[in-house]
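I have placed the structure first, in the form of structure tokens, so that the comments after it can refer back to it.
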Amino acid sequence: MTADPACTIDLMLGERIRSRRRALGLSQASLGRAVGLTFQQIQKYERGVNRVSVSTLTAICQALAMPLERMIAGLGDDPAATAPAPTDRGPPVEGVESLLSAYGSIRRRQLRRTALTFVQTLARMDEMDDAELVTHDRDG
């Protein structure tokens, strides 16, 4: 009896998530908080026990500062090519590791939510053009 290819992919993807998380020095709990999951759910994904949905995988990739395409590259290829995930330590955006580390160290849930809301607001503001910012500031 051969192994189910889908299970093999789930195991490989879980190992990639674990490898990247560890490379960034994050705990399962801090990654879980960053994407709105429990550490137990992250643990199940990393072990390949539960299958990761595309939307959840996208959130995990964002939290781990790794492009989705890179996380899944080669997963459906030849089973002999079961190398662990790319663990390049340098995230694509300067400061991501420090931000994730600091966020993960905040113990109080409300403070984490406030920090997340603040960063999300900054990201939305960065996407606005200058005219929208001026209008938003006058209306706000």
Side-chain angles (χ1 to χ4, degrees):
M1 183 173 182
T2 61
D4 178 7
C7 289
T8 302
I9 290 172
D10 294 338
L11 290 169
M12 290 170 58
L13 180 58
E15 176 54 36
R16 289 181 179 196
I17 292 168
R18 178 187 306 110
S19 179
R20 179 64 177 172
R21 176 184 58 76
R22 286 180 175 169
L24 293 174
L26 297 173
S27 68
Q28 290 175 334
S30 60
L31 175 57
R33 283 191 299 268
V35 296
L37 299 170
T38 64
F39 83 88
Q40 293 96 334
Q41 188 60 52
I42 297 296
Q43 192 173 63
K44 288 177 183 180
Y45 289 148
E46 288 184 357
R47 287 191 202 154
V49 173
N50 286 1
R51 205 163 269 169
V52 185
S53 71
V54 173
S55 58
T56 300
L57 183 57
T58 300
I60 290 171
C61 286
Q62 288 174 344
L64 295 176
M66 177 174 276
L68 175 65
E69 299 80 19
R70 188 161 170 83
M71 181 67 79
I72 63 172
L75 284 179
D77 294 347
D78 179 5
T82 58
T87 58
D88 37 348
R89 290 188 167 269
V93 179
E94 183 180 336
V96 168
E97 287 184 44
S98 296
L99 181 63
L100 286 173
S101 178
Y103 180 82
S105 69
I106 300 172
R107 293 181 313 219
R108 287 191 275 171
R109 186 175 177 184
Q110 186 56 43
L111 289 176
R112 282 194 313 272
R113 285 183 181 169
T114 301
L116 180 60
T117 301
F118 177 68
V119 172
Q120 289 172 330
T121 301
L122 290 175
R124 282 192 300 274
M125 290 175 68
D126 192 48
E127 292 173 357
M128 295 179 185
D129 63 29
D130 291 336
E132 287 177 308
L133 279 173
V134 170
T135 304
H136 181 74
D137 285 346
R138 274 192 246 139
D139 295 343

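Counting from 1, the numbers follow the sequence of the chain as shown.
Each of Leu31 and Ile106 belongs to its own hydrophobic cluster when Ile, Leu, Val, Met, Phe, Trp and Tyr are linked at side-chain heavy-atom distances under 4.5 angstrom. Taking hydrophobic clusters as Ile, Leu, Val, Met, Phe, Trp and Tyr residues chained together by side-chain heavy-atom distances below 4.5 Å, Leu68 shares a cluster with Ile42. Hydrophobic clustering (side-chain heavy atoms under 4.5 Å, transitive across Ile, Leu, Val, Met, Phe, Trp, Tyr) keeps Val49 apart from Ile9. Under the 4.5 Å side-chain heavy-atom criterion for ILVMFWY residues, a single connected hydrophobic cluster contains both Leu37 and Leu57.
Of all non-hydrogen atoms in Met71 and Ile17, the two that sit nearest each other are SD-N, 4.1 Å. When all heavy atoms of Leu64 and Arg20 are compared, the pair lying nearest together is O-NE, 2.9 Å.
Note that the CD atom of Glu46 and the CD1 atom of Ile60 stand 8.5 Å from one another [nearest 0.5 Å]. Rounding to the nearest 0.5 angstrom, the gap separating the CD atom in Gln40 from the CD atom in Gln28 is 9.0 Å.
Inter-residue side-chain proximity for Arg18 and Arg47 is flagged as met; some heavy-atom pair is nearer than 4.5 Å. By the 4.5 Å heavy-atom criterion applied to side chains, Thr56 and Val35 are not counted as neighbours. Residues Leu13 and Arg51 are not in side-chain contact: their nearest non-hydrogen atoms beyond the backbone lie 4.5 Å or more apart. The shortest distance between side-chain heavy atoms of Arg16 and Met66 does not fall below 4.5 Å. Side-chain contact check for Leu116 versus Arg112: every heavy-atom pair is 4.5 Å or farther apart.
In this structure Thr121 satisfies the side-chain hydrogen bond (donor to acceptor under 3.5 Å, both in side chains) test together with Arg124, sequence neighbours excluded.
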